[in-house]
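Both backbone and side-chain heavy atoms feed into the values below; hydrogens, waters and symmetry mates do not.
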Amino acid sequence: MFTIATWNINSVRLREPLVTRFLSEEGPDILCLQECKSPVEKIPVEAFRALGYRWMVARGQKGYNGVAILSRLPIEDAGDRDYASLGHARHVAARLENGVVIHNFYVPAGGDVPDREVNVKFGQKLDFVAEMRDAFHADNPTRSIMVGDLNIAPREDDVWSHKQLLKVVSHTPVEVDHLLSAQDAGGWVDITRKDIPDGQLYSWWSYRSPDWDVADKGRRLDHIWASPDIANAGHASRVLRGMRGWERPSDHVPVLASFDL
DNA sequence: ATGGTAGGAGCCCTA
């Protein structure tokens, strides 16, 4: 059995103390980070190594994006793909000794206007997810787990107001269609919603909303999916809402799951 | 219809 967590950290260097606190308190076997905003060589690996996280597979760039997989189980680099040819560090994969492959994604946020004719970034987001769909269709993933900040909240109960967010990037029908097509192409099972099927569930609250806890205008942007052959092994999903209230928090909180593999 | 906050780089971009 192992546990896996995904967390958009919004600067791994600034929030090194939060990462070490989380690793100490929760002790996931694998932690997938997004928005590290750091070249790989400047990620504070020694602090993580001191807590037993001896392995890291990462892709980075200065200032933007960046994905890393920290692990206290041995992992090897399983490559990356430049979805939508953006030249961004938004995907990396690692392989455990038991053959399970972990994909860590940071899907583009997509800008403010949900129209690719007037907002290039929205088109890039749709293209990115369409290429994920094509890759999953071609690869037919098995013994695989995919996690990350997908920047799309697919279900009505993944947002604070379905009606008010229908034209807000992250919950528009075209984005949801793209995401569900990618999920379907790989046969991926949404482990978080398999375990927590009912009710409002969020992993992100904007920095711009003070009083985030009371207002609770959240969205579920962070996901853990499993290939269909191992979906039954996934269980014990959690979303650590309380961490949004930590000092100098990320605007995202960790999502966790366990796998009996 | 608007503005609200945060991080990194470096006087503006992205989220």
Worksheet item: Quick one: salt bridge (Lys or Arg N to Asp or Glu O under 4.0 Å) partners of A:R59, sequence neighbours excluded?
Response: A:D77, A:D80
Worksheet item: Rounded to the nearest Å, what distance is computed from the NZ atom of residue A:K37 to the C1' atom of nucleotide B:dG10?
Response: 15 Å
Response to the item:
salt bridge (Lys or Arg N to Asp or Glu O under 4.0 Å) filter on A:R133, not counting sequence neighbours, yields none
Worksheet, complete the sentence: Applying salt bridge (Lys or Arg N to Asp or Glu O under 4.0 Å) to A:D158 and not counting sequence neighbours gives A:R193, A:R220
Worksheet item: Whole Å only: how far is the CG atom of A:D112 from the C1' atom of B:dT14?
Response: 10 Å
Worksheet item: Tell me, which of residues 240-254 of chain A have any heavy atom that sits under 4.0 Å from an atom in DNA chain B?
Response: A:R248
Worksheet item: Rounded to the nearest Å, what distance is computed from the NZ atom of residue A:K125 to the P atom of nucleotide B:dT14?
Response: 15 Å
Fill in: Geometric cation-pi criterion, A:R116 with A:F122: 6.0 Å, 45°
no
Worksheet entry | Any A:K62 side-chain N or O less than 4.0 Å from OP1/OP2 of B:dA9 | no
Worksheet entry | Pair A:D216 + A:R244: basic N to acidic O under 4.0 Å | no
Practice prompt. Could you check how far CG of A:N65 sits from P of B:dC13, rounded to whole Å?
Written response: 16 Å
Discussion item. Expressed as a whole number of angstroms, how long is the span from A:W204:CH2 to B:dT14:C1'?
Written reply: 13 Å
Worksheet item: Quick one: A:L86 CG to B:dA15 P, roughly how many Å, whole number?
Response: 10 Å
Discussion item. Could you tell me how far apart A:D149 (CG) and B:dT14 (C1') are, to the nearest whole angstrom?
Written reply: 13 Å
Worksheet item: How would you list all residue pairs meeting salt bridge (Lys or Arg N to Asp or Glu O under 4.0 Å) that involve residues 7-21 of chain A, not counting sequence neighbours?
Response: A:R21-A:E25
Would you be so kind as to tabulate the donor-acceptor pairs closer than 3.5 Å made by side chains of residues 92-102 of chain A, with sequence neighbours excluded?
| unit_1 | atom_1 | unit_2 | atom_2 | d |
| --- | --- | --- | --- | --- |
| A:R95 | NH1 | A:E76 | OE2 | 2.7 |
| A:N98 | OD1 | A:V100 | N | 3.0 |

Worksheet entry | For A:E26, all residues meeting salt bridge (Lys or Arg N to Asp or Glu O under 4.0 Å), sequence neighbours excluded | A:R238
Each nucleotide N or O in nucleotides 1-4 of chain B that has a protein N or O under 3.5 Å away: list the pair and distance.
| unit_1 | atom_1 | unit_2 | atom_2 | d |
| --- | --- | --- | --- | --- |
| B:dG4 | O6 | A:R208 | NH1 | 3.0 |
| B:dG4 | N1 | A:R208 | NH1 | 3.2 |

Discussion item. Under the rule for side chain to side chain contact (heavy atoms under 4.5 Å, CB included), what residues qualify as partners of A:L14, not counting sequence neighbours?
Written reply: A:S11, A:R248
Would you tabulate the side-chain donor-acceptor contacts of residues 39-58 of chain A under 3.5 Å, counting partners in other chains and residues two or more places apart, or write 'none'?
| unit_1 | atom_1 | unit_2 | atom_2 | d |
| --- | --- | --- | --- | --- |
| A:R49 | NH2 | A:R54 | O | 3.2 |
| A:Y53 | OH | A:P28 | O | 2.5 |

Do any side-chain atoms of residues 176-188 of chain A form donor-acceptor pairs under 3.5 angstrom with protein atoms, and if so which ones, sequence neighbours left out?
| unit_1 | atom_1 | unit_2 | atom_2 | d |
| --- | --- | --- | --- | --- |
| A:H178 | ND1 | A:V174 | O | 2.9 |
| A:S181 | OG | A:D177 | O | 2.9 |
| A:Q183 | NE2 | A:W188 | O | 3.2 |

Fill in: A:I152 with A:Y83, same ILVMFWY side-chain cluster at under 4.5 Å
yes
Discussion item. With rounding to the closest Å, how many angstrom separate the C1' atoms on B:dC12 and B:dA1?
Written reply: 24 Å
Item to complete: With a 4.0 Å heavy-atom cut-off, tell me which residues in residues 5-20 of chain A come close to DNA chain B, sorted by residue number.
Response: A:N10, A:S11, A:L14, A:R15
Worksheet entry | B:dC13 and B:dA9, which share atom name C1', separated by this distance in whole Å | 9 Å
Worksheet item: When you compare B:dC11 with B:dG7, how far apart are their C1' atoms, in angstrom units rounded to a whole number?
Response: 16 Å
Worksheet item: When the nearest nucleotide of DNA chain B is assigned to A:Y106 and to A:C36 on a heavy-atom basis, which residue is associated with the more 5' position?
Response: A:C36
Discussion item. Between B:dG10 and B:dT14, how many Å separate the two P atoms, rounded to a whole number?
Written reply: 14 Å
Worksheet item: To the nearest Å, how far apart are A:Q61 CD and B:dA15 C1'?
Response: 14 Å
